[in-house]
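Below is one structure, written out as structure tokens; the observations come after it.
Every chain is numbered from 1, with letters handed out A, B, ... down the list of sequences.
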Amino acid sequence: MSALAQVGYVARRSVLRTARQPANIIFPFVFPTALLAVTSAGLSPATKIPGFPSDSFLAFFLAFPFIQGALFATMNAGTDLARDIQSGFLNRLALTPLRGGALIVGQLGGIAVLAFIQNCYYLAVGLIVGVRLESGIVGGIVLIILATGVAIAFGALGAFFALRTGSGEAVQGLFPLLFVGLFLSSMNLPRNLIEADWFRTVATFNPISYLIEGLRSLIITGWDWEALGLAFGFAGLLAAAAMVLANWALQLRLTRT
Amino acid sequence: MAQAHGIEAEGLVRTFKGGIRAVDGIDLRVEPGEIYGFLGPNGAGKSTTVHMLTTLLPPTSGTARVAGFDIVKEGPKVRTAIGAALQEAALDSLLTGREHLNLQCALHGIPRSERRARSQELLERVGLTLAADRKVGGYSGGMKRRLDLALALAHRPTILFLDEPTTGLDVQSRSALWGEVARLAREDGVTVFLTTQYLEEADALADRVGIIDHGHIVAEGTPAQLKAQIGRPTVEATPADGATPEAIARILERFGEPTGGSAKGVAVRLEHGVSDLAGIVRALDSEGIKLENLALHAPSLDDVFLAKTGRSLEGAEEEEAEVEA
Amino acid sequence: MISRPKGRFRWASKWFDRSAPTATRARPARPDAGTASGAFWSVAFAVAWRVLHNVFTTPSLFLPGMIFPLFFFTAFAGGLSRVDNIPGFDFPNGYTAFQFVFVLLQSAAFGGVFTGFGIARDFEYGFARRLLLAAPRRSGIVAGYALAAAGRWAVTATILTIVALAVGMQVGGGGVDLVALYALALIVNLAGTLWASGIAMRLRTVQAGPIMQLPVFLTLFFAPVYVPLALLNGWLHSVASVNPATSLLEAGWRGLRSAERAAL
């Protein structure tokens, strides 16, 4: 059986599992939308700060749910895999001719499907409440592709953590860390408008800032190739590194001969 | 499904962190079509042995061949030949029984055209047709074990590893599973390697039993051979009101050495076997001792375990630290 | 004799009594139970000690309640400090002090909610039953959890205050104003504890966590979190205008302003 077919079977199972856990569906849809509503309304006066790049904070902040949705993907991929390890299901899979790489890629395939649906939803919410994409329809497609890529990258990170620790709790513990990473970025204000020097420095070194800025550029700027290049670059790097790490962790976990 | 090779292991050792030797030089041979019962308390090394034989854990030293393939050098071939239901019923609570079987068949490369029929056949075989489209999260312990067994059989393996398949099951589910395992061996010629901590399970199912303790096999043979090594039955007398256990013990000790009886009773292993029984009754009667009960116990595998390790199997359960993988 | 407590926590004992077996409801009072209030406080302190001991010796229980307020304070006060340049932002002590009040009240509320998680865990794993059987005054159990929540929050509030002062928060109010600010937060903490305890005792599972958290989270965030009420517009202004959390925040801001400015 081809590796691609194996990926397909694992991905199908991953999608089924996700679809059957209402919390996995509801949280990625409800929480980012709620935070988008509250924060964009609460910080709407921030558009009056001199130099603010948009006259709509909602448009400026619309990149946020895509990244938060990706963090949920991390949790889903990680906790599902950790549950497989804890329940012994991974051993069952290990006794089949399933290739290790196919397991990870299949798992992420399921995440990609969910992330794609999530991202279409976030974009639809934005469009419904009046956001207009400066990059047009093609920009919208690129936005979905980039956001789904980011979700895959974070999902691989979650899979790595799950395989390394074998514990759902440990994966859950990763979420606050990533959440902190999200908040210590240019999520709320453009980096040049962050007043506190230390915060601006942290945000500059924080790769999440570039992911957000790439997504944001498609919404409020148009085609900013530098922002897009950095976002795709960081997403690709993160995905590649996390995949290599996850594969390595799987080899350690599956000591099968 | 008869096959030429069973399981052979020589000097199998597995050491864990901290120098714990969970399996400490095991030699065993399981003939094709045989049901081999691997009996021992928790932490004795049963599961570690199964993990090594199923290629999920490389041995620290020693060699083994399963279905004719080396477990270290030919892992994929071993996995193709075996089916395994490991200690934890490794199921996904969110999938249905049928989805599990379809996935298992797909991952084993069974053609799509055959998968549906094979899944249905296995569901019928383990009596899960009515629950086939329900999520496994709602299954009882017995149903999960049966599905686990069906999954292990999906690709028609010639050797089946069952790691404590009936732990935690009620009597009815246990005997149903025993029936299916026995049928697999007798009718389909599947070799079964079964670990258990239940004496009656090994006694009822296994053609041969290996008793493992602290990573060593301390006794091996058919249940009858093992019991014959102990040979002599025990008799246990429970005093009626008014009779003292001490008086009974004084008489019984003339017929054999004391063994642990129940809380109220006095027990001895008979020196000359069942023929001592008449003498015991006469002696008790002549002393005017009234009994509530007098029972003769044939030797059990627990007696074998006691004789080989100095502990009873139940007692050993409590003593053992869990070191299994 | 039925050892049903009287007084302030009688309402709470109703929950506990409902969960107890009939036999234990009617058990005689212990001869060594001492006075009613003595037994009450004895139970309360014992429960509080146990909860605090668990919390402070288990990093996974202690750290989230400690780190999250510090994190929110850092992210909001640090990342959004330019917000005080918005025309009309009139909080005189700067954005750090403005955010400090929100984070202090939020930490108080969530300190109570986290304690509710512990109660739910105790019910789910059966420890609550042990408490119910052992405690001569069951109302003391709720008081114990509340004391523990306050104790836990006191540590968080102390560290938060030290951090805020260290990063240059300006305090304009006098001693009385500050005492009032912390007393207000303590009441919020008690309210959070009682809310979460009610849910925990009713549902008796840690899976009730989101039900404990979400209303508190929404109530706090549907308030003027980032800018004063006057600067809000649209639906959030309407919601925040009727949200009781807005009054709490405004009262808290007064605690950090100088008396003159507050009068203004």
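Within the structure, salt bridge (Lys or Arg N to Asp or Glu O under 4.0 Å) pairs that include any residue of residues 57-67 of chain A do not occur (at least two apart or interchain).
Aromatic ring pairs are classed by plane angle as parallel below 30°, tilted from 30° to 60° and perpendicular above 60°; the pair F61(A) and F57(A) is parallel. Note on ring orientation: taking the six-membered ring where Trp is involved, the planes of F183(A) and F64(A) are perpendicular (angle over 60°, cut-offs 30° and 60°).
With a threshold of 4.5 angstrom between heavy atoms, F221(C) approaches chain A through its backbone and through its side chain. For a residue to count as touching a neighbouring chain, one of its non-hydrogen atoms must lie under 4.5 Å from one of that chain's; by this rule A34(A) does not touch chain C. In this structure, chain A has no heavy atom under 4.5 Å from any part of L63(C). For L193(A), the parts lying under 4.5 angstrom from a heavy atom of chain C are both the backbone and the side chain. Residue contact with chain A, scored on non-hydrogen atoms closer than 4.5 Å, involves the backbone and the side chain of V83(C) alike. Proximity to chain A (any heavy atom under 4.5 Å) is shown, for F89(C), by neither the backbone nor the side chain.
For the pair L58(A) and L62(A), the minimum side-chain heavy-atom distance is 4.5 Å or more.
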Open item on the list: Could you walk me through whether Y121(A) and F29(A) satisfy the ring pair (Phe, Tyr, Trp, His ring centres under 6.0 Å) test, starting with their C-alpha distance in whole Å, then the side-chain angles of each, then the deciding distance to 0.1 Å, before giving a yes or no?
Closed with: CA-CA 8 Å; Y121(A) 163 78; F29(A) 285 90; 4.9 Å; yes
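A salt bridge links R13(A) to D84(A): at least one charged side-chain nitrogen sits closer than 4.0 Å to a carboxylate oxygen.
The ring of F102(C) has its center no closer than 6.0 angstrom to the ring center of F72(C).
In terms of heavy-atom pairs under 4.5 angstrom with chain C, the leader among A37(A), P50(A), A203(A) is A37(A). Ranked by heavy-atom pairs shorter than 4.5 Å toward chain A, the options L236(C), L214(C), L232(C), V225(C) are led by L236(C). When each of P45(A), A196(A), A46(A), A41(A) is scored by its heavy-atom pairs under 4.5 Å with chain C, the top score falls to P45(A).
Remark: R20(A) engages E99(B) in a salt bridge (Lys or Arg N to Asp or Glu O under 4.0 Å) (not counting sequence neighbours). Partners of R216(A) under the side-chain hydrogen bond (donor to acceptor under 3.5 Å, both in side chains) rule, at least two apart in sequence or in another chain, do not exist in this structure.
Just one of I220(A), L218(A), L123(A) meets the side-chain contact (heavy atoms from CB on, under 4.5 Å) condition when paired with L133(A); it is L123(A).
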Is there any N or O donor on one of chain A and chain C with an acceptor on the other under 3.5 Å, and could you list each such pair with its distance?
residue, atom, partner, partner atom, Å
E195(A), OE1, S81(C), OG, 3.4

